[in-house]
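FYI, side chains are in, hydrogens and waters are out, and symmetry mates aren't considered; it's all heavy atoms of this structure.
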Amino acid sequence: GRDDFSDYPEAAKALPAAGGSMGDYNYETIVSLKPDLVLMTGINTPEQVKALEDLGITVYYLPNPVNLEDLFVNIETVGKLTGRSAEAEKLAADLRARLQAVTDKLATVTEKPTVFYELDGSEPTKPWTAGAGTFLSQLIGMAGGVNIGDQMPEMYGQMSLEALLVANPQVILLGDAAYGMTPEQVAARAGWEALDAVKNARVLTFDDNLVSRPGPRLIEGLEVLAQLLHPELFK
């Protein structure tokens, strides 16, 4: 079984879903699946953990990783819990190696482009973005960029067009491309034509699925970000 968000790899979609998209779970479905183990994370409330434990289900509370090393540790922990330690250790080692490869590739970078990552641009005068402390911001930094969202006081928030014009990002990444946003639409927004990213055609689509959940695909997200921000190094 899975929650509504767990849609990767493709085979996961064939498993029965037990809710979670609105924060609520179908406990009857979970019980009917007779799980040996339920993994819960920081997105789940203590009340939800207790509800499952009261039903006699074994729950392991997996802490939300705050950096990539935490992610690797979580993978190894799940490996131990499921009797797949060897596979988990190999996956973590492979991911660490890919991370190191990106780090090595960017070692000579001296100029880091300023980046605006758009989570939701449905309000063009105040689009949503990610700030300091988020995985998104960490990954942009590790990929050789500077996240202009770091200037916000909150981890996720809306940045005014005025603040965006002052920051003047050199690259705009459209995490909302999955919802139909295009570089052409961004270029047509009132006031956005003054931004360097728009002037230089560096408004780029990006698959937000790679970075929106703290799983193994974060490394793929980092690899893609590095290629987008520093294409000259990946020719």
Side-chain angles (χ1 to χ4, degrees), residues 3-8 13 17 19-24 41-45 64-66 71 112-215 217-229:
D3 68 9
D4 291 342
F5 294 110
S6 299
D7 57 2
Y8 184 89
K13 294 179 181 178
S21 62
M22 301 300 291
D24 297 318
T41 67
I43 198 173
N44 303 123
T45 65
N64 266 359
V66 297
L71 166 64
K112 298 183 176 183
T114 51
V115 179
F116 177 71
Y117 190 98
E118 183 170 284
L119 290 168
D120 181 355
S122 54
E123 294 181 82
T125 58
K126 46 181 180 178
W128 285 84
T129 192
T134 61
F135 259 115
L136 259 175
S137 186
Q138 288 184 52
L139 292 171
I140 288 170
M142 295 172 76
V146 177
N147 179 35
I148 68 168
D150 287 356
Q151 64 187 260
M152 299 189 305
E154 60 272 357
M155 291 178 72
Y156 293 96
Q158 290 173 281
M159 182 173 283
S160 70
L161 178 57
E162 292 77 11
L164 200 58
L165 289 168
V166 170
N168 193 20
Q170 295 167 292
V171 179
I172 294 174
L173 298 174
L174 300 180
D176 50 357
Y179 304 105
M181 192 59 67
T182 67
E184 292 75 22
Q185 288 172 308
V186 171
R189 294 173 183 170
W192 287 61
E193 70 279 356
L195 298 174
D196 281 351
V198 175
K199 290 178 183 176
N200 298 319
R202 295 204 72 187
V203 181
L204 310 170
T205 59
F206 184 80
D207 182 2
D208 189 65
N209 273 321
L210 298 178
V211 295
S212 59
R213 284 158 288 186
R217 282 191 293 174
L218 284 177
I219 299 300
E220 183 181 347
L222 173 63
E223 292 167 339
V224 175
L225 284 171
Q227 291 171 28
L228 290 174
L229 299 184

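Residues V186 and L195 are not in side-chain contact: their nearest non-hydrogen atoms beyond the backbone lie 4.5 Å or more apart. Side-chain contact check for L218 versus L210: every heavy-atom pair is 4.5 Å or farther apart. With contacts defined as side-chain heavy-atom distances shorter than 4.5 Å, the pair P183/T205 qualifies. L164 has its side chain within reach of W192: a pair of non-hydrogen atoms, C-beta onward, lies under 4.5 Å apart.
In this structure, the side chain of Q138 engages the main chain of V66 through a donor-acceptor pair within 3.5 Å. Formation of a donor-acceptor pair under 3.5 Å by the E118 side chain with backbone atoms of L174 is not found in this model. The main-chain N or O of K13 is never found under 3.5 Å from a side-chain atom of D7 such that the two would form a donor-acceptor pair. Here the side chain of D176 pairs a donor or acceptor atom with the backbone of G121 at under 3.5 angstrom. With hydrogens and angles disregarded, a donor-acceptor distance shorter than 3.5 Å links the side chain of Q151 to the backbone of I148.
Annotation for I43: atom CD1 does not count as buried by contact number, only 12 or fewer foreign heavy atoms lying within 6.0 Å.
Counting only residues at least two apart or on different chains, no ring pair (Phe, Tyr, Trp, His ring centres under 6.0 Å) pair has a member in residues 135-182.
Among V171, I140, L228, V146, the one residue that satisfies the side-chain contact (heavy atoms from CB on, under 4.5 Å) test with P113 is V171.
Taking the charged nitrogens against the carboxylate oxygens, R217 and E220 have no contact shorter than 4.0 Å, which rules out a salt bridge.
The cationic group of R213 does not satisfy the cation-pi geometry with F5, failing either the under 6.0 Å distance to the six-membered ring centre or the 45° limit from the ring axis.
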